[in-house]
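Read the structure below first, then the notes.
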Amino acid sequence: MARPEPTIDIARLRRRLDGVNAFGFNAVTGGYNRIGYSADDMAVRDWFAREMGDSGLAVSRDAANNLFGRFGPADGPCIMAGSHLDTVPEGGAFDGSLGACVALECVRAMRDAGIEPQTAIVAVATAEEEGRFGGMLGSQTIAGLVTRSWIDLASDADGVRLADAMAEQGLDAYGVLDAGWEPGSIKAFLELHIEQGPVLERSRIPIGIVNGISGVCFLQVRYDGVANHSGTTPMDMRADAFAGLAAFANSIPATIAAHGTEQSRITIGKVELQPNFAHTVPGSAEFSIILRDTSEEVMRALRADVLENVEAAAKVHGLKISVEEKSWLSPAGLDAGIRTVLTEEADRLGHASIVMPSGAGHDAQTMQSFCPSGLIFIPSRNGISHAPEEWSDWADIEKGAQLMLNALVRLSA
């Protein structure tokens, strides 16, 4: 008798995602708040660990609070698959958490079909992928990329130190330094993620197979001027921190035009003004700059021009400046062999696919530095992500999940 083909149970997958999204839900805004190392982030990990155990997996955690569920041989290398459970503030229902749930569903589907992999499959729910502290701590821990000096300096936008946030949850940040996996212990890494962009929906193509992921540079800038009365301080005698910020922001299009590509992005995402009062000239402006591109050479050119313009705007407006590079994640080209497997399996399933870059960072880019890695995209409605309106249709999710399942069966045989 022929062995049954493993099939995604889409109803079970949907129930599991609903279970994840019971944690950190804001009923007023419709957003999700499982910020890295928050109480809801820790609680959802405990719940997901139980789900892994109930699915028959051998469950473990590491110092970063990555969750691992192993299926198959207890020893030897593995195929790892998954994504993250944390969210940005007021994030959406699918970003990261769908990929973690799909990985677990794939393993469950293989067990239901009586498939015993020759190479173990490890479903993973990574920790702190959304960069609260400036990196992708979970996957960086697995790949052995975290340094003591980075931990010493890592803090979030509100000044909370990584070490303190983890200690509050009973975790030792410095324990991650000894938590890297041994070279050769992971043969391949696969991740499914919503696109977070409009390309697949606009093209009416259900599957994106990613060939490269943009790098991310996170700069924190502070302008210090002089807070003063807005009515009595002449315009030409001000040291207006916001005016400096506005002048810098106005330079961004020229930076992109001179040094960028179609994949270049520069974003001022978080701004704090002091005193932040209607009748007072702002005395300080602290703001984030995130720059991205799929080429490291381009990223460095963008960074150099950005820093030059930050300084020029400060000089024009009589401001003191401080700049801190919070993190640098290099661009990554994903593995061509894994990409071929995904393309062939999509064709076998009869699903149209395209090869495309990712403008957002993902665990797969970190893991590519450690092992061959692949990333599957499914469409995002209107390209919206990191917001309560984030949505992917379940018909598309099922196609992407089945592709992940077929690829895992093939790679682990």
Side-chain angles (χ1 to χ4, degrees), residues 57-58 60-84 96 99-100 102-104 106-107 110 117-129 135-147 176-193 208-216 294 296 329-345 355 357-358 360-377 403-413:
L57 308 188
S60 61
R61 305 188 193 216
D62 66 10
N65 210 21
N66 288 313
L67 287 177
F68 306 102
R70 190 178 183 103
F71 171 56
D75 300 316
C78 71
I79 309 295
M80 187 174 286
S83 194
H84 59 98
V102 164
L104 181 52
C106 287
V107 172
M110 291 176 69
Q118 296 298 305
T119 300
I121 298 175
V122 172
V124 63
T126 58
E128 222 297 271
E129 188 270 355
M136 295 183 186
L137 183 58
S139 52
Q140 287 174 309
T141 296
I142 296 168
L145 299 178
V146 185
T147 64
V176 306
L177 299 174
D178 300 316
W181 286 50
E182 291 294 324
S185 59
I186 304 174
K187 292 177 64 176
F189 175 82
L190 293 181
E191 183 175 11
L192 178 143
H193 209 282
I209 298 171
V210 177
N211 58 357
I213 302 177
S214 290
V216 183
T294 52
E296 185 149 9
L329 296 173
S330 294
L334 299 185
D335 185 74
I338 300 293
R339 191 159 64 248
T340 296
V341 169
L342 294 174
T343 301
E344 290 176 353
E345 292 301 320
V355 174
S358 171
H362 297 287
D363 285 320
Q365 89 188 82
T366 305
M367 294 303 296
Q368 178 61 40
S369 70
F370 187 77
C371 64
S373 297
L375 177 58
I376 301 166
F377 275 166
L403 173 57
M404 171 75 86
L405 174 55
N406 285 21
L408 287 174
V409 170
R410 177 170 165 179
L411 290 169
S412 64

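Note that these values count all heavy atoms, side chains included, but never hydrogens, waters or copies made by symmetry.
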Let me confirm one number: the [atom1]-[atom2] distance from [X] to [Y], rounded to the nearest 0.5 Å.
| X | Y | atom1 | atom2 | answer |
| --- | --- | --- | --- | --- |
| Trp181 | Asn66 | CH2 | CG | 9.5 Å |
| Leu375 | Leu192 | CG | CG | 8.0 Å |
| Ile209 | Leu342 | CD1 | CG | 5.0 Å |
| Ile121 | Met80 | CD1 | CE | 12.0 Å |
| Ile376 | Met404 | CD1 | CE | 4.5 Å |
| Ile79 | Phe71 | CD1 | CZ | 13.0 Å |

Among all residues two or more places apart in sequence or in another chain, which pass the side chain to side chain contact (heavy atoms under 4.5 Å, CB included) test with Ala125?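 Checked Ala125 against side chain to side chain contact (heavy atoms under 4.5 Å, CB included); matches are Arg45, Phe48, Leu67, Leu85, Ala100.
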Side chain to side chain contact (heavy atoms under 4.5 Å, CB included) involving Pro357 - partner list, sequence neighbours excluded: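 If we apply the side chain to side chain contact (heavy atoms under 4.5 Å, CB included) test to Pro357, skipping adjacent residues, the hits are Asn211, Gln263, Thr294.
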Counting N and O atoms only, with roles assigned by atom type, does the side chain of [X] sit under 3.5 Å from a partner on the main chain of [Y], one being a donor and the other an acceptor?
| X | Y | answer |
| --- | --- | --- |
| Glu296 | Pro331 | no |
| Gln140 | Met136 | yes |
| Thr340 | Ala336 | yes |

Could you list the residues that satisfy side-chain hydrogen bond (donor to acceptor under 3.5 Å, both in side chains) with [X], not counting sequence neighbours?
| X | result |
| --- | --- |
| Thr141 | none |
| His84 | Asp86, Asp95, Glu129 |
| Glu128 | none |
| Thr147 | Ser149 |

Contacts of type ring pair (Phe, Tyr, Trp, His ring centres under 6.0 Å), residue Phe377, not counting sequence neighbours: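 Ring pair (Phe, Tyr, Trp, His ring centres under 6.0 Å) check on Phe377 returns His362.
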Using the test ring pair (Phe, Tyr, Trp, His ring centres under 6.0 Å), find all partners of Phe370 that sit at least two apart in sequence or belong to another chain.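 Residues passing ring pair (Phe, Tyr, Trp, His ring centres under 6.0 Å) with Phe370: none at all.
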Within the 4.5 Å heavy-atom criterion, are [X] and [Y] side-chain neighbours or not?
| X | Y | answer |
| --- | --- | --- |
| Phe68 | Ile142 | yes |
| Thr119 | Leu411 | no |
| Leu137 | Val146 | yes |

Which heavy-atom pair separates [X] from [Y] by the least distance, and what is that distance?
| X | Y | result |
| --- | --- | --- |
| Ser412 | Pro117 | OG-CB, 3.6 Å |
| Pro77 | Gly184 | CB-O, 3.5 Å |
| Leu190 | Ala407 | CD1-CB, 4.0 Å |
| Ala120 | Pro73 | CB-O, 3.3 Å |

Under the salt bridge (Lys or Arg N to Asp or Glu O under 4.0 Å) rule, what pairs show up with a residue in residues 330-345, not counting sequence neighbours?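 Only Glu344-Arg410, Glu345-Arg348, Glu345-Arg410 qualify under salt bridge (Lys or Arg N to Asp or Glu O under 4.0 Å).
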Using the rule side chain to side chain contact (heavy atoms under 4.5 Å, CB included), only one of Pro372, Cys78, Ser373 pairs with Phe189; which is it?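 Going through Pro372, Cys78, Ser373 one by one, the side chain to side chain contact (heavy atoms under 4.5 Å, CB included) with Phe189 is satisfied by Ser373 alone.
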Sequence neighbours left out, what passes salt bridge (charged side-chain N to carboxylate O under 4.0 Å, His left out) with Arg61? Give chain and number order.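 Salt bridge (charged side-chain N to carboxylate O under 4.0 Å, His left out) check on Arg61 returns Asp46.
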Are a donor atom and an acceptor atom from the side chains of Ser83 and Glu191 found within less than 3.5 Å of each other?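 Glu191 and Ser83 do have a side-chain donor-acceptor pair below 3.5 Å.
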Given side chain to side chain contact (heavy atoms under 4.5 Å, CB included), test Leu334 with Ile213 step by step and report yes or no. CA-CA 8 Å; Leu334 299 185; Ile213 302 177; 4.0 Å; yes
Would you check, one step at a time, whether the test side chain to side chain contact (heavy atoms under 4.5 Å, CB included) holds for Met367 with Ile186? CA-CA 10 Å; Met367 294 303 296; Ile186 304 174; 3.9 Å; yes
